[in-house]
Amino acid sequence: MSILNSLQKSTIESLQVLYHQTFSEKDFQVNQTKPEFEGDYTVVMFSLVKSLKLSPEVIGNQLGEHLIKTYPEIFSAYNIIKGFLNLTIADDYWMNFLQQHYNDICFGKQAMNNKKVMVEYSSPNTNKPLHLGHLRNNFLGWSVAEILGANGNTVLKSCIVNDRGIHICKSMIAWQLFGNGDTPQSTGIKGDHFVGDFYVKFNDEYKKQVKELVANGMAEPEAEKEAPIMKATQQMLQDWEAGKPDVIELWKKMNGWVYEGFDVTYKRIGSDFDKMYYESNTYLLGKDIVQQGLEKNIFIRKEDGSVWIDLTADGLDEKLVLRKDGTSVYITQDIGLAQQKYDEYKIDKSIHVIGDEQNYHMKVLQLICKKMGLPYADDIHHLSYGMVELPTGKMKSREGTVVDADDLVDEMEKEAAAKTEELGKVKDFSEDELKALYHTIGLGALKFYLLRVDPKKKMIFNPEESIDFHGFTGPFIQFNHARISSVLRKNPINNDHTTGNSFLPLEKELIVLLEKYPSVIKQAGDELNPSAIAIYVYTIAKTFSSFYTEHSIANAESEEKKQLRLKLANMTAIVIKSGMQLLGINVPDRM
RNA sequence: GGUCUGGUAGCUCAGUUGGAUAGAGCAUCAGCCUUCUAAGCUGAGGGUCAUUGGUUCGAAUCCAAUCCAGAUCACCA
């Protein structure tokens, strides 16, 4: 049981004994004691005043007295300031805790429950390479999956690839027109970038054609429809849907190039999936559900044949679910895919990591599933995250302001290499070891940068300023892990129970923090929020760093003190490593 | 216009669901490496928590209104 739970429980029991009234954890608040006061945890008395009809000071005194008398193994002292009962936790309690967990690599993780969760993330389009926004999505999705696993869930990572549609045809057309038969192999360009370049080429040509038509007197909206390259693209989409062999062949070939490129990037950034879904296989799903909905009168067919759902009573709008030609739209596929996931895996919860620009869409999806009475409707959860913006505003591919994922990772690794060389602490590393280290540090900095911010909030990335390696960053945390590793390499730990020590303030601070790790994992899981982990791990590293500078471990005042500090350091290293792992970040033993 | 987010130090962000004098990092300034890794540590300056009301022992946090910024409301995905 956590110290917080023990504290709540003993408080409730004491209140029962003292006042013959039954309280629950929600009836009073427990916080960590502010550093300017004496004590470790504080119970706030004010909320008890009304029901007990006693002053906060009186309750605090009686409660404090009773607690230390009844639970001497937990509490050693108390004091009251205003309505705050500050409790000091017994040193023995901490000592036992440390002895029990200092070498426990599973500390903080929950036993398996029977829940199965699917986390869908990444969702790339096969017409362009991944960019900074995808990175936030990928890191979030992967980390959330990991965190849910640490909370005892069985987790499936999935990915829906948008591999068909008009945007894919655009790069196909452009390649036919301007490609001269070039391939990634012949040009030496990574497949996803190669195809992305043709997508850009399409837009350039399209703009040019529209401009020409307008110059010849056509109205702009009409010109946008009539541009030959656009008409060709639309024709190609129809051919694709009709299964025309040469179009299908081209489509397969170009998507194949993109996947080769994606594989490299995914491997590099540490994304992986248990299940891939392809829109080309799912885009027809959901139609039968629409049919059922029509029969139940949840959907309505308009005169032109299109099918709609009226959500105005729920504060939303009317939403189209089938076009008049009978083809399905995005939301229809999503309903179908949700059904398929449920049928296939019997998942208890389905988490969709999707940007907040699609909040409305996801709301509609959920509402439709609910109205259809689908059993999983309430278990669909949209993990909505804010866009990554530049100081100048949104990233726009048309204006060439998109920060490319591959380029960014390259830069981060280069930066890591430069810093490492400058410091010259790993001169004995082999070429391969150095490469691995640069990757660990560079990617660690990037992941931490994107994960330390609350997912819900949009964030600003300034490409002018490179991502920092000092302060509240991944490398700072990695550095502290390396420092601890270094100390532990040179000083063996004795497993005997360490006794007879009281804690210095920084030692106490560290152990109180370590004890909280399980609750942080739980919070991060409940909130689907990796930033809770990031902030926590940083706080641990920072506290350790102060402790490390202030007190010598190897040359402690006594052998007992040395053992205590070694155990503290060991547990700190384990928690840092474990927490960073939940973020998808590795920690080196040397850097 | 409707709906939904958000507004905290010069900048980027925290703030444990209502608790004690609102915290970090970056940037600025001043110190600290003959001892375990200085990607570090210590300290200083920097705030009308967008504004105004309300709720109560107590509000950055809850409620209302206003201002500002963004997203969305497609027979696009």
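Proteins get letters first, then strands, A, B, ... in listed order; numbering begins at 1 in each.
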Considering only side-chain heavy atoms of A:Y548, which listed nucleotide, B:C36, B:G18, B:G25, is closest?
B:C36
With centres under 5.5 Å and planes under 30°, do A:Y360 and B:U3 count as stacked?
no
Nearest to the side chain of A:T549 - B:C41, B:U35, B:G6?
B:C41
With distance as the sole criterion, is a donor-acceptor pair present between the side chains of A:T440 and A:N586 under 3.5 Å?
no
Can you tell me if A:F46 is stacked onto the base of B:G58, using a 5.5 Å centroid cut-off and an angle below 30°?
no
Quick check for you: among B:A39, B:C73, B:A20, whose closest atom lies nearest to any side-chain atom of A:D317?
B:C73
Side-chain atoms of A:M591 come closest, of B:A24, B:A39, B:G19, to B:A39
Contact class for A:S485 (heavy atom, under 4.0 Å): base, sugar-phosphate, or nothing?
nothing
Do the side chains of A:K287 and A:Q291 get nearer than 4.5 Å, heavy atoms only?
no
Under 5.5 Å and under 30°: A:F84 stacked on B:A20
yes
What would the secondary structure line of RNA chain B be in dot-bracket form, counting Watson-Crick and G-U wobble pairs under 3.5 Å, with [ ] for pairs that cross earlier ones and | for pairs with another strand?
(((((((..((((.....[...)))).(((((.......))))).....(((((..]....))))))))))))....
From the options B:A77, B:C75, B:C26, select the nucleotide whose nearest atom is closest to the side chain of A:E279.
B:A77
Which one, B:C41, B:C4, B:A20, comes nearest to the side chain of A:T33?
B:A20
Of A:F472, A:F469, A:F139, the one forming a ring-ring contact (aromatic ring centres under 6.0 Å, His included) with A:F448 is A:F472
Using the test side-chain contact (heavy atoms from CB on, under 4.5 Å), find all partners of A:E222 that sit at least two apart in sequence or belong to another chain.
A:M218, A:E226
Hey, can you tell me if A:W240 and A:W251 have their rings parallel, tilted or perpendicular (30° and 60° cut-offs)?
perpendicular
Hey, does A:N86 reach any base, or is it just sugar-phosphate, or nothing, if we go heavy atoms under 4.0 Å?
base
Under-3.5 Å donor-acceptor pair between A:T420 side chain and B:A39 base:
yes
So what does A:D589 hit on the nucleic acid, given a heavy-atom distance under 4.0 Å: a base, only sugar-phosphate, or nothing?
base
Contact class for A:S546 (heavy atom, under 4.0 Å): base, sugar-phosphate, or nothing?
sugar-phosphate
Picking from B:C36, B:G40, B:A24, the nucleotide nearest the side-chain atoms of A:Y538 would be B:A24
